[in-house]
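Step one of this worksheet: look at the structure below.
A note on names: the letters A, B, ... follow the listed sequences, proteins ahead of strands, and every chain is numbered from 1.
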Amino acid sequence: MSSEGSCNPLKKIPLGVRAMDAIAGTSHLDGLNTAQREAVQTIEGPVLMLAGAGTGKTSALTSRIAHIINEGAAKPGNILAVTFTNKAAREMKDRVARHGNADGAAMPWLGTFHNICNKLLRRHAELVDLKTNFTILDRDDQLRVMDQLAAASEIDRKKWPVRQLGAIIDSWKNRAWTHENVPQSQKLAYNSKGIELYRQYEDRLVELNAVDFGNLILHMISIFRKHDDILEKYRRRFQYILVDEYQDTNVAQYLWLRLLADGHKNICCVGDDDQSIYGWRGAEVENILRFEKDYPNAKVVRLEQNYRSGPHILSTASCLIAKNKRRLGKELWTDLGEGEKVRLACHFNSDEEARWIGEEIESLQHGTRGQRRYSPGEIAILVRNTSQMRAFEERFITTGIPYIVVGGPRFYERMEIRDAIAYFRIAISPLDDLAFDRIVNKPKRGLGNVAQRKIHDAASGNGVCLVDAAEILMEQNGIRGAGARELRLLLDQLAIWNRLARDPKTSHTDLAMKMLDESGYSAMWQKTRTPDAPGRLENLKELINVLGEFENLQGFMEHVGLIMDNDSVDDVEKVTLITLHSAKGLEYPVVFLPGWEEGLFPSKLAMDEKGELGEEEERRLAYVGITRAMELCTLSFAQNRWMYGSSSDTIPSRFIDELPDEHIEIATDSGYGGNGSGRPEPFPDSLEERAARADVYKSPGWRRLQQNRNVRKPQLPVMEAEICDYSIGERVFHMKFGYGRIVEIDGDKVVVDFDKAGLKRVVANYVFPPDAAPL
DNA sequence: CACCCATCACATATT
DNA sequence: GTGATGGGTG
């Protein structure tokens, strides 16, 4: 481990700076430090705010917006603020609204790149041969289109997966290359068919009246370039431009910004090169490094005072990131008190790691570690990839720790939600072939591969959409038997729904329910007896609820493609399980960072792809992770990890070696990884030795857990009377594992033989009689 | 044509 | 372990 003395943040303690700052000044400047204030008050001309983690950049940004308005420099409607995620946009909206006076009806243009471009493109759709009600395709839809095209080109999709084509086209779009100007260097891409398929794909999107994420930006760039008057109009409209997370912008977004800002150059970019973790998505750190060249008279402000993390946490993060070569360089400091050291834990395997963290969480909740008590909502587990989450989920389910998952399958990506949305889409536009494809045989209508192929052939033969093709086929008796009757019914229903969708008197939520009902889609899930079916029905209900928040189906559809965030990020009741990527911008009093092993973190894939650059990006990811912690930060690794259903030996992450000794404390007990150095013992050969080392049952944490468990109240609202009111052989339902039969009762736990999941020991509070299962 | 079962590749992160 | 796919059967 390194022990360079260069990362001590305590040496620079400013006395009373904040107090001085607070003197005088208008309300929106209160509480800002000198640097923040400078960034806020320099309204005219280009400004680059280099804002380290936890240095209050959101405050600075929102104050800046307030300042521009209060100074009368511009009206809210003439300010454009671009963020990277919907979550960030929402937060800024809230804070701007709070700054503003009570009448705050007028808001700045505030949203993600895609959001803003969506709004603009709806107004000018005809300039790129689209209608104003174009649909936004998600990844799944895109791949489906590409798959059809690749199939038509007789490409062996076993050898050339469509995912790959998707990734290639995406990366081209990130660089703002249209199919006309993809450079020759790329001509071998995707078996030399990449560029041609890109062209076909774009043509197909126009036919479908659809765009993908990249197109939202690209179309606006080409409109700005071709139509001076339109560009001029928006340059006048957006007098002041603010960009959050500038280090995450790709070339296309960069060009878009420059087009808008080059007139007045009133652009303020906020970013942190050390938190650039989206290189794989086309983000160019170069954008931020180049800012001063792009705008020679730019004012550069550094925000370096950290208000979030304790000094040991901050030092550890600083030390780690100092290993990166390509960075602008910042020195974060804090005047927060002593605080806890960063803890490092070593475990036998990944299950052990999950168990240990579970125990720690229970201790933290009860304050048995000597600190204050922490509520579950104050605790987060940050993982490198989503597959790490399962071990924690299973652990938390059996021990009854409430948790939420962020960054798993998103609401709008769930199968049932996408199916339902396809029904909405086809109702709005019968031309939506993708939607028709999706729903034509869901629920089963006896229209299988053969029938669907006939419809497709009829469509391309007649040059019409699938719905029309199906009509033609029906007239010609091209489909027979039960399938024909069902198809007739479906087509009639579609016609009716389409009429209702246009009728302003029909409530769109009623129509949505009607569609799910009449189509038999809801019934399909009601009939399904798999453990996930109730949850899916619940999701459909939730979808209808969300629908109610919009004016009409059309309005909902316009937003749905862009709202991919999980909403319930700040659930105070639950431990958060989240990926490092989606944790950026968040903070938690207690943070666990499991899985610091070579190959997993840093990820082998990232390193293979980008070499040293990849390593540096992974290190930035580690930096982001550590700096999410306010009070307590715990890193851990396992010497044995389950993946692909089998376990393999692992070695600790190189990042562990880079941690500064003086800020680290070893958290695992002697006998396992606790040789004082924090480095793991050499892996023992004999099985007995391995078993001995894994004996965490003797650990204080485990004993505490045993004691605590008896006094703990159930943490989720469940039927109290039901506790252990079961008998052997009784049939029960479990939210996660589905149906099963009780084989053993053991205190507050039961062993259940689940139909799907097999034998599991679960807390009795979490199983129900089959008919009492909460939906 | 639907259903069931075996087989296979497979997972870095996301607007 | 999971989800997608393909072949065989009813």
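Side-chain N or O atoms of A/Lys57 include none that pairs as donor or acceptor with a backbone N or O of A/Gly271 at under 3.5 Å.
Between A/Tyr623 atom OH and B/dA13 atom P the separation is 24 Å, expressed in whole Å. Atom P of nucleotide B/dT14 and atom CG of A/Asp141 are separated by 19 Å, given to the nearest angstrom. What separates CG of A/Asn250 from C1' of B/dT15 is a distance of 10 Å, to the nearest Å. Between A/His581 atom NE2 and B/dT15 atom P there is a gap of 11 Å when expressed in whole angstrom units. One atom, CG of A/Leu121, and another, P of B/dT15, lie 20 Å apart when rounded to the nearest Å.
The two residues A/Ala638 and A/Ser350 have their closest heavy-atom pair at CB-N, 3.7 Å.
For the pair A/Arg390 and A/Ala451, nearest-nucleotide mapping onto DNA chain B gives the more 5' position to A/Ala451. Map A/Leu447 and A/Leu621 each onto its nearest nucleotide of DNA chain B; the residue landing nearer the 5' end is A/Leu447.
We find that A/Arg144 and A/Asp437 are not joined by a salt bridge, their nearest charged nitrogen and carboxylate oxygen being 4.0 Å or further apart.
The side chain of A/Ser582 contributes an N or O atom lying less than 4.0 Å from OP1 or OP2 of B/dT14. Phosphate proximity of B/dA13 to A/Thr386: present, with a side-chain N or O under 4.0 Å from OP1 or OP2. The phosphate of B/dT14 has OP1 or OP2 within less than 4.0 Å of a side-chain N or O from A/Thr579.
For the 3.5 Å distance criterion, the side chains of A/Glu597 and A/Ser653 fail to qualify, holding no donor opposite an acceptor.
Using a 4.0 Å heavy-atom cutoff across all strands shown, A/Ser387 reaches at least one base atom of the nucleic acid. Residue contacts shown for A/Asn441 are limited to sugar-phosphate atoms, with no base heavy atom under 4.0 Å away.
Nearest nucleotide to the side chain of A/Phe213, out of B/dA13, B/dT15, B/dA11: B/dT15.
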